[in-house]
Amino acid sequence: MNMDAMDQAAVKEMAGRAAVEALVRSGMKLGLGTGSTAVFAVRHIGDLLARGKLSGIRAVPTSFQTAIECEKWDIPLFTLNSREIGGTLDLTIDGADEVDPQNRLVKGGGGALLLEKIVAYASASYAIVVDESKLVKALGVKFPVPVEVIPGARIPVTLALEKLGAQVTLREAVRKAGPVITDHGNLLLDIRFAIPPDPRALEAELNRIPGVVENGFFTGPHDRSLLPRIFVGRADNPV
Ligand code: 5RP
């Protein structure tokens, strides 16, 4: 790992730990996000449990990656459907690919957007952990926004997205020939816009295209405010 990568990991760790210290309490039902920043929150929770500083945590992971990390740390795992969870969570901590000045997000760089959104909507409160490179003025221009699509709808959905002005790329797997298959057996179409879109309107519009399962704009439920509290790790500053 070069020095920059080490610094970036330290900054991500700072953000992940800060969110846990500020918000996680014994007995909570937690949604645990995915990615290289959220993993530091998971590890800190695991460490606090191992040292007896935290107890009674019930966790719902948002991906295989996070479930495996939780197993390593003996964090008790459930699904949203488990009787111990009952479909609602106290708090979710997750990462993000972009955060705008209104705390709206683009997520899904790790391909886990579907469960990440379901878990976020089931949570009473929501925290996002990022390094400062994720802060942007407008969503959907710099980082591509993933659209999760059932495999049989790949081409019609691509055409519909192009009609909306998006540049569309099927996400390719690494060390496996062909496309990424999500944890739910779907494909990901990564879309990018030359002109900043209206994220709230587009989030709803994308999900109206038949074959689209979910998209990576997270602008919050329309019936209540679920905009997250953002914990930003900065190289030169405490969170
Ligand atoms: C996964 C996500 C991640 O939270 C997002 O991609 C950020 O990941 P990282 O912290 O590794 O940059 O949405 O689907």
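Start at 1 and go down the list; that is how both ligands and their atoms are numbered. Model, not experiment: these values are computed from the prediction.
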Atom indices of ligand 1, in the order listed, that fall short of 4.0 Å to a heavy atom of [X]:
X      : answer
Lys134 : 7 (C), 9 (P), 10 (O), 12 (O)
Gly108 : 2 (C), 13 (O), 14 (O)
Gly111 : 14 (O)
Ala112 : 14 (O)
Thr37  : 9 (P), 10 (O)
Gly95  : 4 (O)

- 4.5 Å side-chain heavy-atom contact, Ile68 and Cys70: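 Heavy-atom side-chain distance check fails, nothing below 4.5 Å.
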- Query: Is it true that atom NZ of Lys53 has more than 12 heavy atoms of other residues, nucleotides or ligands lying nearer than 6.0 Å?
  - Reply: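 12 or below, so no.
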Taking only Lys NZ, Arg NE, NH1 and NH2, and the carboxylate oxygens of Asp or Glu, determine whether [X] and [Y] approach each other closer than 4.0 Å.
X     : Y      : answer
Glu84 : Arg58  : no
Lys29 : Asp90  : no
Glu98 : Lys142 : no
Lys72 : Glu69  : yes

Among all protein non-hydrogen atoms, which one is nearest to [atom], and what is the separation to 0.1 Å?
atom                    : answer
atom 11 (O) of ligand 1 : Ser36 OG, 2.5 Å
atom 2 (C) of ligand 1  : Glu116 OE2, 3.4 Å
atom 6 (O) of ligand 1  : Asp97 OD1, 2.6 Å
atom 3 (C) of ligand 1  : Thr34 O, 3.2 Å

- Task: State whether the shortest distance between N or O atoms of Ala38 and N or O atoms of ligand 1 falls below 3.5 angstrom.
- Result: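 No, Ala38 has no N/O under 3.5 Å of an N/O on ligand 1.
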- Min N/O separation Gly35 to ligand 1 under 3.5 Å: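 Between Gly35 and ligand 1 (N or O atoms, distance only) the closest approach is not under 3.5 Å.
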- Which is it for Ala96 and ligand 1 at heavy atoms under 4.0 Å: side chain, backbone, both or neither?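 Only the backbone of Ala96 comes within reach of ligand 1.
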- Which bit of Asp94 is near ligand 1, meaning a heavy atom under 4.0 Å away: side chain, backbone, both or neither?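 Side chain only; the backbone of Asp94 stays clear of ligand 1.
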- Query: Donor-acceptor pair, Thr62 side chain versus Leu32 backbone, under 3.5 Å?
  - Reply: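 Side chain of Thr62 to backbone of Leu32: a pair is present.
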Quiz: residues 143-169 side-chain donor-acceptor pairs under 3.5 angstrom, not counting sequence neighbours:
from	atom 1	to	atom 2	distance (Å)
Glu148	OE2	Thr182	OG1	2.8
Glu148	OE2	Asn186	ND2	3.0
Thr158	OG1	Arg154	O	2.7

- Message: So, using side-chain hydrogen bond (donor to acceptor under 3.5 Å, both in side chains) as the criterion, who are the partners of Arg17 when residues are at least two apart?
- Response: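 By the side-chain hydrogen bond (donor to acceptor under 3.5 Å, both in side chains) rule, Arg17 matches no residue at all.
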